[in-house]
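Scroll down for the structure; my scribbles are underneath it.
Reckoned from all heavy atoms, side chains included, excluding hydrogens, waters and symmetry mates.
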Amino acid sequence: MKNELIRKAISEIENPTFGTTEQLLEVLNVEKENGKLKVERVDFESLDETNVVYFRVKNEPFFLSVYFYKENNEIANVGTENGNQVYFTATSENLTFKQLSELTKLSGLKGWSVNDDRKIGKGKYSFSRLSFEPIESRAYDLDTKLKLLLTELEKNIDGIIKLTEMADTGIAIHHQQYISGNMAINFDIETINRLSKLNLGIEIDQYVYGNEFKT
């Protein structure tokens, strides 16, 4: 089914049948790889009634999306989906990156230590930082991506609690949308309870990109 949806989605981009598709393509350029439209992801889980094919948009952090009814695999709509980056972070002016890392059993950690040379610009870092982002693709519904991150953190609750006691910790969200995209951000009670058990707060940065429809 995945290949069928991709084929139909590509066909809609190459030969639009929806007015919205034509409007979007007037102001957005879909990326290509080896001459073919670049599909970032096919989402079968986030929405109850539709599946979504995500296409990368050139020089933009959001995605052009084609929606299909689950009941018959026919196109329901064409629009955009926000790019969402969601990650756990811990910072300290005293502990090194290695010391922060050793407090958890998380793998794939990134960061730096206080007094390391800055990766961008000159000078040295005045604090250490650890970050954990198990899903780097931004082609995910925000709620889905946040819950997947929480699931990974919950596998090492003791380590996360230690970090919250010894460093400044939290979950960072970068919400990147098209001009007419969905700005709403909501957290259900289950998610709030899970954050509370991990002793974590959330910092949200919202960004708007792209050009308006032509008139």
Side-chain angles (χ1 to χ4, degrees), residues 1-88 107-108 110 131-152 171-186 204-214:
M1 182 172 70
K2 179 178 178 180
N3 289 336
E4 178 188 358
L5 295 187
I6 289 174
R7 178 182 60 78
K8 288 184 175 182
I10 289 175
S11 177
E12 173 62 26
I13 301 303
E14 293 179 337
N15 300 287
T17 61
F18 281 72
T20 306
T21 311
E22 295 178 342
Q23 286 181 302
L24 286 167
L25 293 177
E26 286 181 341
V27 294
L28 303 177
N29 292 314
V30 180
E31 279 193 20
K32 290 186 177 182
E33 189 172 58
N34 299 322
K36 296 182 179 180
L37 294 173
K38 191 168 184 179
V39 175
E40 175 70 9
R41 179 172 176 252
V42 181
D43 182 2
F44 294 103
E45 300 174 355
S46 297
L47 302 176
D48 292 332
E49 298 181 358
T50 55
N51 298 317
V52 189
V53 179
Y54 286 78
F55 289 93
R56 277 188 172 271
V57 178
K58 189 174 182 180
N59 299 323
E60 300 289 3
F62 57 85
F63 302 89
L64 189 150
S65 48
V66 181
Y67 303 83
F68 293 86
Y69 291 115
K70 290 186 177 183
E71 61 184 6
N72 57 17
N73 292 337
E74 294 301 318
I75 296 178
N77 190 22
V78 178
T80 62
E81 282 290 330
N82 305 322
N84 291 299
Q85 183 180 22
V86 183
Y87 60 94
F88 168 76
S107 59
K110 297 180 181 180
S131 63
F132 174 65
E133 186 179 7
I135 302 173
E136 295 191 0
S137 172
R138 302 191 180 189
Y140 277 78
D141 171 78
L142 176 56
D143 186 58
T144 299
K145 196 167 188 183
L146 175 57
K147 288 181 177 179
L148 289 171
L149 172 62
L150 291 176
T151 297
E152 292 302 311
I171 290 177
I173 291 176
H174 297 273
H175 183 73
Q176 300 159 315
Q177 67 170 73
Y178 179 56
I179 289 172
S180 61
N182 180 13
M183 293 186 68
I185 295 178
N186 300 292
I204 302 172
D205 292 316
Q206 290 183 279
Y207 307 90
V208 178
Y209 298 85
N211 298 311
E212 294 182 359
F213 285 167
K214 295 180 181 179

*Could you verify whether a donor N or O on one side chain and an acceptor N or O on the other, from Asn84 and His175, lie under 3.5 Å apart?*
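There is such a pair (donor and acceptor under 3.5 Å, judged by atom type) between the side chains of Asn84 and His175.
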Given side chains that start at C-beta, do those of [X] and [Y] come closer than 4.5 Å, heavy atoms only?
X: Lys32; Y: Val30; value: no
X: Arg138; Y: Glu81; value: no
X: Gln85; Y: Glu133; value: yes
X: Val57; Y: Asn29; value: no

Who are the side-chain contact (heavy atoms from CB on, under 4.5 Å) partners of [X], not counting sequence neighbours?
X: Asp143; answer: Asp141, Lys147, Thr191
X: Lys8; answer: Glu4, Phe68, Asn73, Glu74
X: Ile6; answer: Lys2, Ile10, Val39, Val42
X: Ile204; answer: Ile173, Ile185, Phe187, Ile202, Gln206

Gap separating the [atom1] atom of [X] from the [atom2] atom of [Y], nearest 0.5 angstrom:
X: Tyr140; Y: Glu45; atom1: OH; atom2: CD; answer: 8.0 Å
X: Leu5; Y: Tyr67; atom1: CG; atom2: OH; answer: 14.0 Å
X: Ile13; Y: Leu24; atom1: CD1; atom2: CG; answer: 8.0 Å
X: Thr50; Y: Asn77; atom1: OG1; atom2: CG; answer: 9.0 Å

Sequence-distant partners of [X], salt bridge (charged side-chain N to carboxylate O under 4.0 Å, His left out), two or more places apart:
X: Glu33; result: Lys38
X: Glu12; result: none
X: Arg56; result: Glu40
X: Arg7; result: none

Can you see which heavy atom on [X] is nearest to which on [Y], and at what distance?
X: Val52; Y: Ser65; value: CG1-CB, 3.7 Å
X: Glu31; Y: Asn59; value: OE2-N, 4.3 Å
X: Ser137; Y: Lys145; value: O-NZ, 2.6 Å
X: Phe18; Y: Ala76; value: CE2-O, 3.8 Å
X: Val78; Y: Thr20; value: O-CG2, 3.2 Å

Requested in this report: Give a yes or no on whether Lys70 atom NZ has more than 12 heavy-atom contacts from other residues, nucleotides or ligands under 6.0 Å away.
Outcome: yes
Tell me whether the count of non-hydrogen atoms from other residues, nucleotides or ligands lying under 6.0 Å of OH in Tyr207 goes above 12. yes
Contacts of type ring pair (Phe, Tyr, Trp, His ring centres under 6.0 Å), residue [X], not counting sequence neighbours:
X: Phe62; answer: Tyr178
X: Tyr87; answer: His174
X: Phe55; answer: none
X: Phe63; answer: Tyr54

**Report entry** side chain to side chain contact (heavy atoms under 4.5 Å, CB included) evaluation trace for Asn82 with Leu142
**Finding:** CA-CA 8 Å; Asn82 305 322; Leu142 176 56; over 6 Å; no
Begin from the C-alpha positions of Lys110 and Glu136 and carry the test salt bridge (charged side-chain N to carboxylate O under 4.0 Å, His left out) through to its verdict.
-> CA-CA 12 Å; Lys110 297 180 181 180; Glu136 295 191 0; 2.9 Å; yes
message: Tell me if a side-chain donor or acceptor on Thr80 pairs with a main-chain N or O of Leu64 at a distance below 3.5 Å.
response: no
